[in-house]
Novice: 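Starting off with a structure, shown below.
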Amino acid sequence: TPLSTVMSVVAMSVGYITIVLCGQDVMRHLPAVPARVLKIPFFLHNVLLCLGSLLLLCLYLELEIPIIFKYGMHNSICEYRLYFDAEMFHIINYYFKYWELLDTVFLVLKKKPLLFLHVYHHMAPAALCYTQILGRTPMAWAVISLNLAVHVIMYGYYALSSLGIRCPWKKLITTSQIEQFVIELFICYYGCTCIAAE
């Protein structure tokens with residue numbers, strides 16, 4: 001599949017940073033792209049990522065919920081043999097991470113300030129997803145499902161706000177991202193201890 005080598009992951013990461021830094025440099029000498037020009041592309045970007053994340057989340061849950069009932073939560077996170085059923089979903093999620101890099105491109109075109117955390121957060125997930133695919137970690141589905149759930153909320157919010165619709169769940173985005181991070185750390189720790197014990 002495309003982007004399936006370490007070199008391609010490194011090249012995409014370097015390319016992303018280069019585009020962001022060069023884009024910021026170019027935009028210093030130009031006015032911000034008017035909001036009316038970016039409105040439809042930004043809306044479509046967010047709607048498609050929201051719906052894509054929702055669809056992929058539903059597919060994960062459709063596959064994993066019966067596994068949890070049959071084998072238990074512990075085995076769904078720790079059993080290597082259960083990894084392969086979700087492998088195609090992991091690959092689709094991996095490609096989503098490259099699509100999500102456009103978030104930063106929109107910020108550059110709007111001349112919005114970029115925090116280091118934002119740039120890093122968008123660069124690191126593709127590499128992390130790639131390592132999960134290579135390592136075939138059984139816990140990947142749980143971490144990815146949490147991330148997809150947060151993305152449904154986040155991209156839905158951005159899509160609606162791009163239309164000028166005020167959303168009451170703006171604070172929920174940051175809260176859910178923090179909660180997601182903490183829960184994922186626990187899942188990864190738990191999964192790693194299972195693997196180390198075998």
Novice: What donor-acceptor contacts under 3.5 angstrom involve side-chain atoms of residues 50-63, with partners at least two apart or in another chain?
Specialist:
| from | atom 1 | to | atom 2 | distance (Å) |
| --- | --- | --- | --- | --- |
| Ser53 | OG | Leu49 | O | 2.7 |
| Tyr60 | OH | Phe89 | O | 3.4 |
| Tyr60 | OH | His90 | N | 3.1 |
| Tyr60 | OH | His90 | ND1 | 2.6 |

Novice: Is it possible for you to say whether Val182 and Leu185 belong to one hydrophobic cluster, with membership spreading through side-chain heavy-atom contacts below 4.5 Å?
Specialist: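 Hydrophobic grouping puts Val182 apart from Leu185.
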Novice: Tell me the closest heavy-atom pair linking Ala142 and Ile187, and the distance in Å.
Specialist: CB-CD1, 3.9 Å
Novice: Identify which one of Val152, Ile144, Val150 satisfies the side chain to side chain contact (heavy atoms under 4.5 Å, CB included) criterion when paired with Leu148.
Specialist: Ile144
Novice: For residues Gln180 and Leu146, report the shortest heavy-atom separation together with the two atoms involved.
Specialist: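 Heavy atoms of Gln180 and Leu146 come nearest at CG-CB, 4.1 Å.
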Novice: For residues Tyr94 and Leu3, report the shortest heavy-atom separation together with the two atoms involved.
Specialist: OH-O, 2.6 Å
Novice: What's the spacing between Met154 CE and Ile173 CD1 if we round to 0.5 Å?
Specialist: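 Here the rounded value is 7.5 Å.
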Novice: Would you find a donor on one side and an acceptor on the other, under 3.5 Å apart, between the side chain of Thr175 and the backbone of Leu172?
Specialist: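 Here the side-chain-to-backbone pair does not exist.
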Novice: With a 4.5 Å cut-off on side-chain heavy-atom distances among I, L, V, M, F, W and Y, is there a chain of contacts connecting Ile183 to Ile153?
Specialist: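 Yes.
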Novice: Mind checking whether His122 and Tyr16 have ring centres under 6.0 Å apart?
Specialist: no
Novice: To the nearest 0.5 Å, how far apart are NE2 in His121 and CG in Leu115?
Specialist: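 Here the rounded value is 12.0 Å.
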Novice: Would you name the heavy atoms of Met139 and Cys188 that are closest together and state the gap between them?
Specialist: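 Result for this residue pair: SD-CA, 3.6 Å.
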Novice: Determine whether Met73 and Phe69 fall in the same hydrophobic cluster, where Ile, Leu, Val, Met, Phe, Trp and Tyr are linked whenever their side-chain heavy atoms lie under 4.5 Å apart.
Specialist: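 Both belong to a single hydrophobic cluster.
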Novice: Show which side-chain atoms of residues 17-38 pair as donor or acceptor with protein atoms under 3.5 Å away, not counting sequence neighbours.
Specialist:
| from | atom 1 | to | atom 2 | distance (Å) |
| --- | --- | --- | --- | --- |
| Thr18 | OG1 | Val14 | O | 2.7 |
| Asp25 | OD1 | Arg28 | NH1 | 3.1 |

Novice: Between Trp169 and Gly156, which heavy-atom pair has the shortest distance, and what is it?
Specialist: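 Looking at all heavy atoms of both residues, the shortest contact is CZ2-C, 4.3 Å.
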Novice: Between His45 and Trp99, how do the two ring planes meet: parallel, tilted or perpendicular, split at 30° and 60°?
Specialist: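 If you compare the ring of His45 with that of Trp99, the planes turn out perpendicular.
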Novice: Say you draw a straight line from CD of Glu64 to NZ of Lys70; how long is it, rounded to the nearest 0.5 Å?
Specialist: 13.0 Å
Novice: Please answer whether the main-chain N or O of Tyr158 pairs with a side-chain N or O of Ser161 as donor and acceptor at a distance below 3.5 Å.
Specialist: yes
Novice: Membership question, hydrophobic clusters at under 4.5 Å side-chain separation (ILVMFWY): are Val10 and Met12 in the same one?
Specialist: yes
Novice: Treat each ILVMFWY residue as a node, draw an edge where side-chain heavy atoms are under 4.5 Å apart, and state whether Ile178 and Phe181 are in one component.
Specialist: no
Novice: How far does OH of Tyr95 sit from CD1 of Ile92, to the nearest 0.5 angstrom?
Specialist: 10.0 Å
Novice: How about NZ on Lys111, more than 12 heavy atoms from neighbouring residues, nucleotides or ligands closer than 6.0 Å, or not?
Specialist: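 Correct, the count exceeds 12.
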Novice: In terms of relative ring orientation, are Tyr120 and Phe116 parallel, tilted or perpendicular, with 30° and 60° separating the classes?
Specialist: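 Plane angle under 30°, so parallel.
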Novice: Return the minimal non-hydrogen interatomic distance between Cys78 and Gly191, and the atom names on each side.
Specialist: SG-CA, 4.5 Å
Novice: For the pair Tyr190 (side chain) and Ile77 (backbone), establish whether a donor and an acceptor sit closer than 3.5 Å, ignoring hydrogens and angles.
Specialist: no
Novice: Within this structure, what is the OG-OH distance for the pair Ser13 and Tyr130, rounded to the nearest 0.5 Å?
Specialist: 11.5 Å
Novice: Quick check for you: to the nearest 0.5 Å, what is the distance between Leu109 atom CG and Thr104 atom OG1?
Specialist: 11.0 Å
Novice: Does a sphere of radius 6.0 Å around NZ in Lys110 hold more than 12 heavy atoms from other residues, nucleotides or ligands, not counting ones at 6.0 Å or beyond?
Specialist: yes
Novice: Would you please classify the geometry between the Phe106 ring and the Phe42 ring as parallel, tilted or perpendicular, with 30° and 60° separating the classes?
Specialist: perpendicular
Novice: For atom CD1 of Ile165, is the number of surrounding heavy atoms from other residues, nucleotides or ligands below 6.0 Å larger than 12?
Specialist: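 Buried by this count: over 12 neighbours within 6.0 Å.
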Novice: Checking side-chain contact (heavy atoms from CB on, under 4.5 Å) for the pair His118/Leu107: CA distance, chi angles, key distance, verdict?
Specialist: CA-CA 10 Å; His118 172 91; Leu107 291 177; 3.5 Å; yes
